[in-house]
Amino acid sequence: MIKGYYFVTDSALSRAGNISDVKSALASGVKVVQYREKSKPGNAMYNEALLLRKLCERVIFLVNDRVDIAIGSGADGVHLGREDIPYEAARRMLGEDKIIGLTARTFKEAVEAQGLGADYIGVGPVFGSRTKPEAGEPVGTGLIKKIKENLSIPVIAIGGIGLLNAKEAVMAGADGICAVSAVVTKPDVRSEIRKFQELFGLKGQAL
């Protein structure tokens, strides 16, 4: 389902704004876009999610945390953290056909996520995150390797990832990588994403 750069919006860090960033991500060949917004009220989130959904008609569009926004915007699913609504409740609300990704910081949490039926897990912070300092101590690439050797669930590496260490996560077996600040803070988002895509042997071309 997922291979390559996994794009997550961040309006607080972005130089050009979420809409522009997503357009650049799509132009770089990204196959998954997650709308993550922590500062806007619900109505503003809903309206922006609708716009992004239209842009992402040919790729997977997910909403972070907010199951209601995902349902209202017609998103393909959600990504849920450990403090968000439980997986079982989200699945009942979304139905069996929608994608639900879960966050895992330990091997035990990864096992639990696969057992629940999660479609993928976001593992991290791999190297420590400036974007989410509350995420805790780095889990390292060893956790990615252990999960890939013992479980079948797809893994997205996230947290503290930049071009200098991204290859380490890929070599550990990550199916995808997310590097928010390494991309949206730069003048050319499209070009930066393509550099990450190349680590997976992808040419970074739009659909």
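Computed from a predicted model, the values in this text were never measured in an experiment. One-based numbering along the sequence shown.
- In this structure, Lys146 forms a cation-pi arrangement with Phe107, its terminal cationic atom sitting closer than 6.0 Å to the ring centre and no more than 45° off the ring axis.
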Could you list the donor-acceptor pairs under 3.5 angstrom formed between side-chain atoms of residues 20-27 and any protein atom two or more places apart in sequence or on another chain?
unit_1	atom_1	unit_2	atom_2	d
Asp21	OD2	Ser14	OG	2.6
Ser24	OG	Ser20	O	3.2

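- In this structure, the side chain of Glu37 engages the main chain of Ser39 through a donor-acceptor pair within 3.5 Å.
- Residues forming a salt bridge (charged side-chain N to carboxylate O under 4.0 Å, His left out) with Glu149 (at least two apart in sequence, or on another chain): Lys145.
- Distance alone, capped at 3.5 Å, places no donor-acceptor pair between the Asn47 side chain and the Ala44 backbone.
- Pairs of residues two or more places apart, or lying in two chains, never qualify as ring pair (Phe, Tyr, Trp, His ring centres under 6.0 Å) while including a residue from residues 39-65.
- Asp68 pairs by the salt bridge (charged side-chain N to carboxylate O under 4.0 Å, His left out) definition with Arg66, not counting sequence neighbours.
- Taking all atoms of both residues into account, the shortest heavy-atom contact from Asp10 to Val184 is O-CG2, 4.4 Å.
- Applying the salt bridge (charged side-chain N to carboxylate O under 4.0 Å, His left out) rule to Lys167 yields no partners; only residues at least two apart in sequence or on another chain are considered.
- Glu112 meets the side-chain hydrogen bond (donor to acceptor under 3.5 Å, both in side chains) test with no other residue; sequence neighbours excluded.
- Not counting sequence neighbours, the partners of Glu48 by the side-chain hydrogen bond (donor to acceptor under 3.5 Å, both in side chains) test are Asn18, Tyr35, Lys40.
- Separation of atoms NZ (Lys186) and NZ (Lys195) is listed at 7.0 Å; rounding is to 0.5 Å.
- Atom-to-atom distance recorded for Tyr6:OH and Ile193:CD1 is 13.5 Å, nearest 0.5 angstrom.
- Hydrophobic cluster membership is shared by Val189 and Leu13, with clusters built from Ile, Leu, Val, Met, Phe, Trp and Tyr side chains linked at under 4.5 angstrom.
- Counting only heavy atoms from C-beta outward, the side chains of Val111 and Leu151 approach each other to under 4.5 Å.
- Side-chain contact, Gln197 with Ser28: no donor N or O sits under 3.5 Å from an acceptor N or O.
- Here the OG1-CD distance, from Thr106 to Glu109, works out to 3.5 Å after rounding to the nearest 0.5 Å.
- For the salt bridge (charged side-chain N to carboxylate O under 4.0 Å, His left out) test with Asp76, the passing option among Lys98, Arg53, Arg58 is Arg53; the others fail.
- Annotation for Ser191 and Asp188: closest pair N-OD1, 3.1 Å, computed over non-hydrogen atoms.
- Under the side-chain hydrogen bond (donor to acceptor under 3.5 Å, both in side chains) criterion, Lys148 pairs with Asp175, not counting sequence neighbours.
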Discussion item. Assess the residue pair Glu137 and Arg105 against the criterion (salt bridge (charged side-chain N to carboxylate O under 4.0 Å, His left out)); give the C-alpha distance rounded to whole Å, side-chain angles, the decisive distance to 0.1 Å, and a yes or no.
Written reply: CA-CA 9 Å; Glu137 292 297 316; Arg105 296 195 68 253; over 6 Å; no

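- Here salt bridge (Lys or Arg N to Asp or Glu O under 4.0 Å) pairs that include residues 84-97, with residues two or more places apart or in two chains, are Arg91-Asp119.
- The side chain to side chain donor-acceptor pair (under 3.5 Å) analysis of residues 152-164, with sequence neighbours excluded, yields the pairs Gln114-Ser152.
- No continuous path of ILVMFWY side-chain contacts below 4.5 Å connects Phe127 to Met171, so the two sit in separate hydrophobic clusters.
- Here the CD1 atom belonging to Ile99 is positioned 5.5 Å from the CG atom belonging to Leu62, to the nearest 0.5 angstrom.
- Sorted by first and then second residue, the pairs that involve residues 146-196 and meet ring pair (Phe, Tyr, Trp, His ring centres under 6.0 Å), not counting sequence neighbours, are Tyr5-Phe196.
- Looking at heavy atoms from C-beta onward, Val123 lies in side-chain contact with Val139 at the 4.5 angstrom threshold.
- Partners of Asp65 by side-chain hydrogen bond (donor to acceptor under 3.5 Å, both in side chains), not counting sequence neighbours, listed by chain and number: Lys38.
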